[in-house]
Every structure is written in C-alpha cells, then in structure tokens.
Amino acid sequence: FEKSIELSDDLWRHGDLATVYLLQGNDDAAFELYRSHIEDSVISDAAYIADGAFVADRTGHPQAAEKWAEMSLVIEPNNP
C-alpha cells in the first residue's frame with residue numbers, strides 16, 4: 001500500500017494503509033497518514049476527513065478527532 005500511494009496518491013488508499021498500520025500496532029503512522037493530508041493540505045472530502053477523525057480517535061488523539069469530525073460536518077452537515 002505504501003508503494004501504491006507513492007505512485008498515485010489516491011486518498012482512498014489511505015484507509016487500506018491505515019488499517020494495516022493499526023493492525024500492526026503502528027498507531028503513530030496511521031494517525032500521521034491522515035494528519036499530514038488533513039492539516040497540511042486542502043482536503044474538502046468530508047468522508048475522508050471523517051475517516052481521519054475515526055483514526056485519530058482510535059489512536060489516542062481526541063482533540064484531532066473532534067476537530068476533524070466537526071470539519072467533516074461543516075462540509076456535509078447532512079451526512080451522518
């Protein structure tokens with residue numbers, strides 16, 4: 001998955017890679033994968049940001065989880 005992201009940074013591949021990181025116990029890598037894209041670039045995909053919020057919560061970053069969940073709701077307020 002890491003190589004596929006290097007070749008084509010398709011945001012939806014991040015979910016697969018984050019899952020692998022989480023299963024390996026590499027929480028920091030899973031969180032950083034989303035953090036670097038949500039915080040350091042312009043992402044307007046509410047579902048991607050919501051996925052990042054889940055990963056942030058799962059990896060012990062509650063403030064990022066709350067912030068990203070709110071960002072996602074601002075973009076798509078009617079999407080649970």
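In what follows, every heavy atom counts, from backbone to side chain, and hydrogens, waters and symmetry copies are set aside. In this chain, residues are counted from 1 in sequence order.
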NE2 (H37) and CG (D45) are apart, to the nearest 0.5 Å, by 12.0 Å

The reported gap from CD1 in I49 to CD1 in I75 (rounded to nearest 0.5 angstrom) is 3.5 Å

When every non-hydrogen atom of A65 is compared with those of A56, the smallest separation belongs to N-CB, 3.6 Å

Shortest non-hydrogen pair, P77 vs V74, comes out as CD-O, 3.8 Å

Proximity of Y48 and Y34 rings by center, below 6.0 Å:
yes

Partner of T59 under side chain to side chain contact (heavy atoms under 4.5 Å, CB included), picked from D28, L22, N26, is L22

[X] vs [Y] side-chain heavy atoms within contact, under 4.5 Å:
X	Y	result
D51	V55	no
E39	K67	yes
Y21	H14	no

For S36, the side chain to side chain contact (heavy atoms under 4.5 Å, CB included) test, sequence neighbours excluded, returns E32, D40

